[in-house]
**Q** 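Okay, handing you the structure first.
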Amino acid sequence: NLNGTIESIGRSTGSEAFELLTTATNNEKVNYCFAACAVNICGYSGDTSAWSCTVRKPEDYPQGLRILTVTVENNKDIRVIWQKSNSTDFEAYTLYKRMQSLGPEVNAIANTSELNTNEFADNDVDVAKNRYCYQIRQTNTCGLESQQNPEACSILLKGTAEPFVNKLEWTPYTYWIQGVRSYTLERSEPAVSPFEAGNTGGSATTWQDENLNYDNGLYYYTVTAIENDAHTSYTSRSNTIEVIQKPLLYVPNAFTPNND
């Protein structure tokens, strides 16, 4: 009962399995507990069984799973890779997503009951404009979903051009347990294959490219986060941006009468 007392709600004298249906108001928040007790032919009660309650204990829920990486692919999709479940009563994975700029509400976008399937390619994204965050949740055979589900978000890269320098800024990737070892900056140009233009420490979120090719005014950049873990070394790649160095036109501000 709500006041803590114990009440008998049913009795069975047969040899068949006993089943009782009862009403328990607001049973997800109010904790109702049930146990069975054997009574001998003389009317003496024995020990009760283990108590089962309507409000679940933390250990009833499956373990939360980590996102191993969220990375942009082909500058148009996002691939999410997550930790595989080791639960003996695994039922399914459900992948949740939110657009960071729209707040904390998440929506389920994929579901699978395949234990060894631990990645998903999300093509419903605009990687050049938005940052996307993901959670993976597992459900057990009792239908209970994991409660502690750390999220991970994609890297969004932006850049601007100033005279003789390109300035880049990106959102940090802060979701690996050991953190980011470094960020690598990749640059390409028309007729020039991608190459590493620079790298930064794991806490940096800005970089300036002053080593420009002045025969070319068009530059493409991508930043890649590298995990600080020698055993796994996952990476997370950003979107690719285009930065244009506009030509500078200088108008003479002096003249001579003989035009020399």
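As a basis for the values below, the full set of heavy atoms in this structure was taken, side chains included, without hydrogen atoms, waters or symmetry mates. Model, not experiment: these values are computed from the prediction.
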**Q** Using the side-chain hydrogen bond (donor to acceptor under 3.5 Å, both in side chains) rule, take Asp229 and Tyr234 through it: C-alpha gap first, then chi angles, then the decisive distance, then the call.
**A** CA-CA 8 Å; Asp229 189 327; Tyr234 283 99; over 6 Å; no

**Q** Kindly state whether the ring of Trp207 and the ring of Tyr183 have centres lying under 6.0 angstrom apart.
**A** no

**Q** Determine whether Tyr175 and Pro150 make a side-chain contact, defined as any pair of heavy atoms from C-beta on separated by less than 4.5 Å.
**A** no

**Q** Is there a side chain to side chain contact (heavy atoms under 4.5 Å, CB included) between Leu65 and Asn149 once you walk through the steps?
**A** CA-CA 6 Å; Leu65 301 174; Asn149 307 289; over 6 Å; no

**Q** So, do Asp124 and Lys97 sit near enough that their side-chain heavy atoms are less than 4.5 Å apart?
**A** yes

**Q** Under a 4.5 Å cut-off applied to non-hydrogen side-chain atoms, are Ile155 and Val72 in contact?
**A** no

**Q** Please tell me if the side chains of Val70 and Ile78 come closer than 4.5 Å, counting only heavy atoms from C-beta onward.
**A** yes

**Q** Could you tell me whether a side-chain N or O of Arg237 sits under 3.5 Å from a main-chain N or O of Thr224, the two making a donor and an acceptor?
**A** no

**Q** List, by chain and number, the other hydrophobic cluster members for Val106, where Ile, Leu, Val, Met, Phe, Trp and Tyr join if side-chain heavy atoms come within less than 4.5 Å, directly or indirectly.
**A** Tyr96

**Q** Which is it for Glu162 and Lys167 under the salt bridge (Lys or Arg N to Asp or Glu O under 4.0 Å) test, yes or no, and what are the steps along the way?
**A** CA-CA 8 Å; Glu162 295 184 6; Lys167 295 186 175 182; 3.3 Å; yes

**Q** For residues 192-199, which side-chain N or O atoms pair as donor and acceptor with protein atoms under 3.5 Å away, sequence neighbours left out?
**A**
{"residue": "Glu196", "atom": "OE2", "partner": "Asn199", "partner atom": "ND2", "Å": "3.1"}

**Q** Of all heavy-atom pairs between Gly46 and Cys37, which one has the smallest distance, and what is that distance?
**A** O-SG, 3.2 Å

**Q** Flag yes if Ile67 and Ile109 sit in one hydrophobic cluster, no otherwise; membership is Ile, Leu, Val, Met, Phe, Trp, Tyr, and two members link when side-chain heavy atoms are under 4.5 Å apart.
**A** yes

**Q** Are any non-hydrogen side-chain atoms of Tyr219 and Gln245 less than 4.5 angstrom apart?
**A** yes

**Q** Val243 and Ala161: which non-hydrogen atoms are nearest, and at how many Å?
**A** CG1-CB, 3.6 Å

**Q** Got more than 12 heavy atoms from elsewhere within 6.0 Å of CG, Asn40?
**A** yes

**Q** I want to check something: taking the side chain as every heavy atom from C-beta on, are Arg66 and Leu68 in contact at a cut-off of under 4.5 Å?
**A** yes

**Q** Verify the distance criterion only: is there a donor paired with an acceptor across the side chains of Asn166 and Gln208 at less than 3.5 Å?
**A** no

**Q** Give every donor-acceptor pair under 3.5 Å between a side-chain atom in residues 98-105 and any protein atom, sequence neighbours left out.
**A**
{"residue": "Arg98", "atom": "NE", "partner": "Glu151", "partner atom": "OE1", "Å": "3.0"}
{"residue": "Arg98", "atom": "NH1", "partner": "Gly103", "partner atom": "O", "Å": "3.0"}
{"residue": "Arg98", "atom": "NH2", "partner": "Glu151", "partner atom": "OE2", "Å": "2.7"}

**Q** If hydrophobic clusters are built by linking Ile, Leu, Val, Met, Phe, Trp and Tyr wherever their side-chain heavy atoms come under 4.5 Å apart, do Leu156 and Ile226 end up in the same one?
**A** no

**Q** Please report, to 0.1 Å, the donor-acceptor pairs under 3.5 Å made by any side chain of residues 132-141, with sequence neighbours excluded.
**A**
{"residue": "Tyr132", "atom": "OH", "partner": "Asp126", "partner atom": "N", "Å": "2.8"}
{"residue": "Tyr132", "atom": "OH", "partner": "Asn130", "partner atom": "ND2", "Å": "3.3"}
{"residue": "Tyr134", "atom": "OH", "partner": "Asp122", "partner atom": "OD2", "Å": "2.8"}
{"residue": "Gln135", "atom": "OE1", "partner": "Arg137", "partner atom": "NE", "Å": "3.2"}
{"residue": "Gln135", "atom": "OE1", "partner": "Arg137", "partner atom": "NH2", "Å": "3.0"}
{"residue": "Arg137", "atom": "NH1", "partner": "Glu145", "partner atom": "OE1", "Å": "3.1"}
{"residue": "Gln138", "atom": "OE1", "partner": "Ser85", "partner atom": "OG", "Å": "2.7"}
{"residue": "Gln138", "atom": "NE2", "partner": "Gln63", "partner atom": "O", "Å": "2.7"}
{"residue": "Asn140", "atom": "OD1", "partner": "Cys142", "partner atom": "N", "Å": "3.0"}
{"residue": "Asn140", "atom": "OD1", "partner": "Gly143", "partner atom": "N", "Å": "3.3"}
{"residue": "Asn140", "atom": "OD1", "partner": "Leu144", "partner atom": "N", "Å": "3.0"}
{"residue": "Asn140", "atom": "ND2", "partner": "Asp60", "partner atom": "O", "Å": "3.4"}

**Q** In sequence, state the C-alpha distance, the side-chain angles, and the governing distance for Thr240 and Thr222, and then conclude on side-chain hydrogen bond (donor to acceptor under 3.5 Å, both in side chains).
**A** CA-CA 5 Å; Thr240 299; Thr222 307; 2.7 Å; yes

**Q** What pair of heavy atoms forms the shortest contact from Trp170 to Thr200, and how long is it?
**A** CZ2-OG1, 4.0 Å

**Q** Asn216: what forms a side-chain contact (heavy atoms from CB on, under 4.5 Å) with it, not counting sequence neighbours?
**A** Glu189, Pro190, Asn213, Leu218

**Q** Please tabulate, for the side chains in residues 111-119, all donor-acceptor contacts under 3.5 angstrom to protein atoms that are two or more places apart in sequence or on a different chain.
**A**
{"residue": "Asn111", "atom": "ND2", "partner": "Tyr93", "partner atom": "O", "Å": "3.2"}
{"residue": "Asn111", "atom": "ND2", "partner": "Thr94", "partner atom": "OG1", "Å": "2.8"}
{"residue": "Thr112", "atom": "OG1", "partner": "Glu114", "partner atom": "N", "Å": "3.1"}
{"residue": "Asn118", "atom": "ND2", "partner": "Trp82", "partner atom": "O", "Å": "2.8"}
{"residue": "Glu119", "atom": "OE2", "partner": "Arg79", "partner atom": "NH1", "Å": "2.7"}

**Q** Angle class for the Trp176/Tyr173 ring planes (parallel below 30°, perpendicular above 60°, tilted otherwise)?
**A** tilted

**Q** Show your working on side chain to side chain contact (heavy atoms under 4.5 Å, CB included) between Thr69 and Thr235 and close with a plain yes or no.
**A** CA-CA 7 Å; Thr69 188; Thr235 62; 5.8 Å; no

**Q** So how far is it from Leu157 CG to Ser154 OG, rounded to the nearest 0.5 Å?
**A** 11.5 Å

**Q** Please give me the minimum heavy-atom distance between Val180 and Asn228, naming the atom from each residue.
**A** C-CB, 3.9 Å

**Q** Between Pro62 and Ser146, which heavy-atom pair has the shortest distance, and what is it?
**A** O-CB, 3.3 Å

**Q** Please check if Phe164 and Leu168 belong to a single hydrophobic cluster, counting links between Ile, Leu, Val, Met, Phe, Trp and Tyr side chain heavy atoms closer than 4.5 Å.
**A** yes

**Q** Testing the basics here: between Ile241 and Lys158, what is the closest heavy-atom pair and its distance to 0.1 Å?
**A** CD1-C, 3.6 Å

**Q** If we only count heavy atoms from C-beta on, is the Arg131 to Asn239 side-chain gap below 4.5 Å?
**A** no

